[in-house]
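Encoded as structure tokens, the structure appears first; notes follow it.
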Amino acid sequence: MLAELQNISKNYNQPGSDIHNIILNQISLQIAEKESLAIVGPSGSGKSTLLNILGTLDQPTSGKVILNGIPVNSLDEKKLATLRNQFIGFVFQLHHLLPQLTLIENILLPVLPVSDKVQQKMAIERAYTLIKRVGLTKQIHQRPLQLSVGECQRAAVVRALVNQPRLLLADEPTGSLDAKNAGQVGQLLAELNREQDLAVVVVTHSMDLAALMGKTYRLTSGKIQLILP
Ligand SMILES: Nc1ncnc2c1ncn2[C@@H]1O[C@H](COP(=O)(O)OP(=O)(O)OP(=O)(O)O)[C@@H](O)[C@H]1O
Ligand SMILES: [Mg+2]
């Protein structure tokens, strides 16, 4: 398995009381290599929480996250950061590109900390190939404010992939886009999933985006259920 959640629960204590809000209740999920899946569910159902736990940005109250066969709770902060940087790419609803940097500077940010010069050169080459792939070659010296939101989101997808992760996690990647741009970004994610050695997990309210993924799960009342196919 590429990634696995085992009996993941997440509770929040209500401030000033001993009431626990159970957000995720004993969730188990397996993600195979090259798989693509969507997670849908009502607002507040815990989709982002689940994705952040899978991406090791948040910790579960109980349960295990296993990435590439490694239980992440067995790793210290430094090893976990290295695994996260090499193994996972993130795309969020708002692209989080830095306004003062050009598109190419934003895209190459994750490549700067790569200490191996050969690896770094390969990542830069991959960045240019992906930029061409998503149709942004002409825009590389423009800053985010000089680009459309759709273009910025495509750049954010490229940035997430320059270190060649095996797992792409996207939280509402089309949430701030109009229908045309949302369709383009959705298609792009589906195509990259097929072309590259890349599993994709998207959290979304859009059934159109979910339909582009191989499987769709629904999260409600702390439980996850396969609804498609
Ligand atoms: N730090 C926190 N402290 C307390 N409660 C929290 C915290 N973070 C999230 N929650 C609660 O957990 C629940 C799930 O939040 P989450 O952001 O995962 O939902 P979501 O399904 O992604 O919603 P949306 O579709 O609106 O993005 C919400 O009820 C939220 O209020
Ligand atoms: Mg969310």
Side-chain angles (χ1 to χ4, degrees), residues 3-31 35-67 72-73 77 80-81 84 88-97 149-150 152-154 156-157 159-160 165 167-179 181-183 185-186 188-190 193 199-228:
E4 199 169 350
L5 299 177
Q6 288 180 352
N7 299 315
I8 293 291
S9 293
K10 181 76 175 180
N11 308 329
Y12 286 111
N13 280 335
Q14 265 187 19
S17 80
D18 43 337
I19 299 172
H20 290 287
N21 287 334
I22 301 172
I23 309 298
L24 304 173
N25 188 2
Q26 300 271 340
I27 287 187
S28 296
L29 181 68
Q30 294 193 326
I31 300 158
E35 192 173 351
S36 64
L37 60 93
I39 299 171
V40 299
S43 183
S45 60
K47 303 180 298 296
S48 295
T49 306
L50 186 70
L51 200 73
N52 290 339
I53 288 173
L54 179 60
T56 76
L57 298 174
D58 191 3
Q59 277 91 45
T61 308
S62 62
K64 255 190 186 174
V65 181
I66 301 170
L67 298 179
V72 299
N73 63 351
E77 253 321 304
L80 182 61
R84 193 191 294 127
I88 303 177
F90 293 95
V91 179
F92 299 96
Q93 174 169 359
L94 303 170
H95 51 72
H96 295 174
L97 299 180
V149 257
C152 287
Q153 199 59 319
R154 270 145 55 206
V157 172
R159 184 182 52 180
L167 178 62
L168 183 72
L169 303 181
D171 194 349
E172 295 284 2
T174 63
S176 51
L177 303 179
D178 62 24
N181 279 300
V185 168
L188 175 65
L189 293 175
N193 166 249
V200 174
V201 179
V202 289
V203 157
T204 183
H205 282 107
S206 160
M207 287 312 285
D208 290 342
L209 176 56
L212 295 169
M213 301 293 127
K215 289 181 185 170
T216 301
Y217 290 88
R218 185 176 168 79
L219 186 63
T220 34
S221 311
K223 293 287 186 188
I224 199 163
Q225 189 193 3
L226 182 67
I227 56 167
L228 279 173

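Start at 1 and go down the list; that is how both ligands and their atoms are numbered. Bear in mind the structure is a predicted one, so any value in this text is a computation, not a measurement.
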_Surrounding CD of Glu77 (heavy atoms of other residues, nucleotides or ligands, distance under 6.0 Å), is the total greater than 12?_
no

*Short question: side chain of Thr61, backbone of Asn11 - any donor-acceptor pair under 3.5 Å?*
yes

_Tell me if a side-chain donor or acceptor on Lys47 pairs with a main-chain N or O of Gly41 at a distance below 3.5 Å._
yes

*asked:* Checking the side chain of Lys223 only, and the main-chain atoms of Arg218 only, is there a donor and an acceptor separated by less than 3.5 Å?
replied: no

*For residues Val91 and Val185, determine if any side-chain heavy atom of one lies less than 4.5 Å from a side-chain heavy atom of the other.*
no

*asked:* I need the contact residues for ligand 1: any residue with a non-hydrogen atom closer than 4.0 Å to the ligand, ordered by chain then number.
replied: Tyr12, Ile23, Pro42, Ser43, Gly44, Ser45, Gly46, Lys47, Ser48, Thr49, His205

*Are any side-chain N or O atoms of Gln153 and backbone N or O atoms of Phe92, one a donor and one an acceptor, separated by less than 3.5 Å?*
yes

_Would you say the Mg ion (ligand 2) has Ser43 as a near neighbour, meaning an N/O/S atom of that residue under 2.8 Å away?_
no

